[in-house]
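Encoded as structure tokens, the structure appears first; notes follow it.
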2 protein chains.
Amino acid sequence: MNISIQVSATLYLKDPTSSEIGLKILTEGIQLMQDLGFEAFTFKKLAQNIQSTEATIYRYFENKHYFLLYLINWYWGIISYRLMLATTNVTDKRQQLTNSIAVLTGLPDSSHPGYIAEEMKLKQIVIHESGKALHTKMVDDENQNGIYLNYKSIVSTVAELVKTIDPSFPYPEMLISNLIENANHQRFFSVHLPRLTNTSPEQDAVEAFSHLIIQKVLQS
Amino acid sequence: MNISIQVSATLYLKDPTSSEIGLKILTEGIQLMQDLGFEAFTFKKLAQNIQSTEATIYRYFENKHYFLLYLINWYWGIISYRLMLATTNVTDKRQQLTNSIAVLTGLPDSSHPGYIAEEMKLKQIVIHESGKALHTKMVDDENQNGIYLNYKSIVSTVAELVKTIDPSFPYPEMLISNLIENANHQRFFSVHLPRLTNTSPEQDAVEAFSHLIIQKVLQS
DNA sequence: ACAAAAATAATAGTATTACTATCGAAATTG
DNA sequence: CAATTTCGATAGTAATACTATTATTTTTGT
């Protein structure tokens with residue numbers, strides 16, 4: 001199912017991919033998180049959905065905050081894997097960057113290599129909930145525990161490409177983290193506050209915007 | 001105190017600027033929201049801090065979610081006012097845009113015209129908590145109630161400038177909302193996840209990055 | 001200056017959430 | 001097949017996010 005996507009072991013008490021019920025917690029949990037949003041999501045409701053009990057879920061995850069972190073980490077693991085697929089055997093650095101930007105800011109679809117069934121739902125969760133996972137008083141501790149390594153390594157890898165292509169550009173990490181965050185923001189705006197953006201669910205322009213920025217900003 | 005900063009009346013039950021205790025709710029509330037973060041902030045704690053009771057605060061604000069929305073709306077009201085100050089009597093459209101980008105992405109300091117004491121604290125709250133206010137199942141209702149008008153009007157005004165300067169640029173609103181959101185994100189990263197950015201609290205590069213993007217992306 | 005109205009403080013109470021604890025039954029494993 | 005882990009069922013607790021009531025203080029209109 002997971003094609004060995006890595007999720008940091010500090011995020012769970014017991015590996016949810018190691019048992020039937022753990023996998024049910026994940027798949028039903030993703031669905032419920034999407035349906036209810038982080039605030040209204042509770043382990044009690046999830047337990048009812050999988051015909052189990054709160055106590056069982058608490059044996060896998062410390063609390064719903066960690067459960068959300070797990071899902072987000074999983075998402076970035078998938079993206080990391082797709083980034084790798086999109087750049088291996090591509091010799092031109094420019095093309096590697098273009099492909100990377102496509103993976104980071106484009107919309108996934110089932111034709112992409114490495115596509116995983118949960119990716120779409122996880123992406124929605126990342127768009128709607130990742131701010132709540134990150135902007136917490138516990139960020140620094142969690143960062144210390146390696147919880148953001150997947151994300152940081154993605155930014156770092158693509159920023160290195162930027163540095164190779166245009167060593168004079170002074171803000172490579174800022175550029176990449178901006179494009180990643182922007183993609184999620186704009187897709188949220190496109191649905192809920194369309195006046196703030198020029199993309200729509202029908203005519204998605206996020207990837208095109210991102211390529212334009214890269215093209216205008218980097219000298220090759 | 002407020003220099004007539006407008007905050008949407010749908011955000012409060014009773015205008016907190018209309019009484020002593022209302023003003024105390026605001027000033028102490030800002031402080032407590034900053035100190036505790038949205039999750040740990042409660043009306044009970046705020047009531048203790050101002051030597052009053054929960055019930056009194058509930059007469060001013062429906063709940064802490066609306067209280068946060070009020071603070072964020074207030075912040076954008078201040079920015080709106082500073083935007084106006086930064087562009088009136090400036091004839092050159094390019095210069096108007098540059099000044100606007102400075103207001104939107106730069107750091108406020110007490111020497112700026114229109115500086116308000118609470119601005120710095122409010123900015124910190126916007127950086128840390130605005131995602132939690134926005135990414136909610138109630139966004140659409142709140143948007144209907146005009147709660148994001150301040151923010152939308154800022155993006156719209158500056159996007160109009162972009163359109164005047166470069167009518168061929170296809171994503172004016174996306175560009176501006178991106179630069180605004182990015183400024184807050186990068187400042188959060190600079191403190192908590194410095195590997196994701198190229199700005200730091202000591203050497204703030206957010207405004208410079210924003211000017212660079214504008215300069216490279218728009219043809220004049 | 002004073003009666004009427006509004007605002008506040010003090011207190012109590014409720015439903016829900018986010019857990020923790022216990023314990024017997026079922027499943028797994030060595 | 002005995003030992004261990006896992007799970008389900010149930011109970012319980014502290015905190016949160018409110019709502020309700022009432023007595024007291026403050027404000028306001030005249």
Side-chain angles (χ1 to χ4, degrees), chain A residues 9-29 32-71 129 132-133 135-138 141-142, chain B residues 9-29 32-71 129 132-133 135-138 141-142:
Chain A
T10 52
L11 286 170
Y12 50 78
L13 300 172
K14 176 176 153 70
D15 185 357
T17 64
S18 71
S19 73
E20 273 306 313
I21 203 157
L23 290 169
K24 260 178 106 178
I25 290 171
L26 289 182
T27 50
E28 285 296 314
L32 200 65
M33 186 68 82
Q34 233 207 123
D35 293 346
L36 302 180
F38 181 69
E39 289 82 0
F41 174 94
T42 68
F43 279 175
K44 193 170 209 165
K45 290 173 189 168
L46 177 54
Q48 280 161 356
N49 273 35
I50 61 171
Q51 270 124 337
S52 179
T53 61
E54 265 184 293
T56 298
I57 300 170
Y58 274 107
R59 255 174 244 118
Y60 287 87
F61 293 101
E62 230 174 296
N63 51 48
K64 74 172 175 171
H65 173 70
Y66 275 87
F67 180 67
L68 177 58
L69 284 176
Y70 182 97
L71 298 184
E129 320 295 351
K132 299 164 199 167
H135 294 104
T136 298
K137 293 284 167 189
M138 301 98 86
D141 290 336
E142 288 162 4
Chain B
T10 52
L11 286 170
Y12 51 78
L13 299 171
K14 176 176 153 68
D15 185 357
T17 64
S18 71
S19 73
E20 274 306 314
I21 203 158
L23 291 169
K24 261 178 105 178
I25 289 171
L26 290 182
T27 51
E28 286 294 316
L32 200 64
M33 186 68 82
Q34 235 207 122
D35 292 345
L36 302 180
F38 182 69
E39 289 82 1
F41 174 93
T42 68
F43 280 174
K44 193 170 210 165
K45 290 173 190 168
L46 176 54
Q48 281 161 356
N49 273 35
I50 62 171
Q51 270 124 337
S52 179
T53 61
E54 264 185 293
T56 298
I57 300 170
Y58 274 106
R59 250 175 254 114
Y60 288 87
F61 294 101
E62 231 174 294
N63 52 48
K64 74 172 177 173
H65 172 71
Y66 275 87
F67 180 67
L68 177 58
L69 285 176
Y70 181 97
L71 297 185
E129 320 295 352
K132 298 164 199 166
H135 295 104
T136 297
K137 293 283 167 191
M138 300 99 86
D141 290 335
E142 288 163 2

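Proteins come first, then strands; the chains are lettered A, B, ... in the order of their sequence lines, and each starts at number 1.
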Taken to the nearest 0.5 Å, the spacing of L26(A) CG from F61(A) CZ works out to 5.0 Å
In whole angstroms, the gap separating P of dC18(D) from NZ of K45(B) amounts to 14 Å
Testing dC19(C), dG8(D), dT16(D) for proximity to the side chain of I21(A), the answer is dG8(D)
Taken to the nearest whole Å, CD1/I25(A) to P/dT6(D) is 13 Å
DNA chain C nearest-nucleotide lookup for K44(B) and E54(A): closer to the 5′ end is K44(B)
Determine the contact category for F43(A): base if any of its heavy atoms lies under 4.0 Å from a base atom, sugar-phosphate if only primed atoms, P, OP1 or OP2 are that close, otherwise nothing. nothing
Checking dC7(D), dA17(D), dA18(C) against the side chain of T56(A) (C-beta onward), the nearest is dC7(D)
E39(A) CD to dA17(D) P, in whole Å, measures 12 Å
Between CG of L13(B) and C1' of dT19(D) the distance, given in whole Å, is 13 Å
Identify whether the distance between the nearest side-chain nitrogen and carboxylate oxygen of K132(A) and E39(A) falls below 4.0 Å. yes
In whole angstroms, the gap separating P of dT6(D) from OH of Y12(A) amounts to 14 Å
Rounded to the nearest 0.5 Å, the OH atom of Y66(A) sits from the OG1 atom of T10(A) at a distance of 7.5 Å
Between the CG atom in N63(A) and the CG atom in L13(A), the distance rounded to the nearest 0.5 Å is 9.0 Å
Regarding K64(B), tell me which of base, sugar-phosphate or nothing describes its non-hydrogen contacts under 4.0 Å with the strands shown.
sugar-phosphate
*Can you find a side chain N or O atom of S52(B) that sits less than 4.0 Å from OP1 or OP2 on dA9(C)?*
yes
Closest of dA18(C), dT19(D), dT8(C) to the Y58(A) side chain is dA18(C)
When rounded to the nearest 0.5 Å, the distance separating CD1 of I50(A) from OG1 of T56(A) is 7.5 Å
Here the distance between atom P of dC7(D) and atom CG of L23(A), to the nearest Å, is 11 Å
Comparing nearest nucleotides in DNA chain C, the 5'-proximal residue of the pair R59(B), T42(A) is R59(B)
From CG of L32(B) across to P of dT16(D) the rounded distance in Å is 12 Å
Among the nucleotides dA21(C), dA20(D), dT8(C), whichever has the atom closest to the side chain of A55(A) is dA21(C)
Q48(A) atom CD is separated from dG8(D) atom P, nearest whole Å, by 14 Å
Across the strands shown, which category fits Y60(B) at heavy-atom distances under 4.0 angstrom: base, sugar-phosphate, nothing?
-> sugar-phosphate
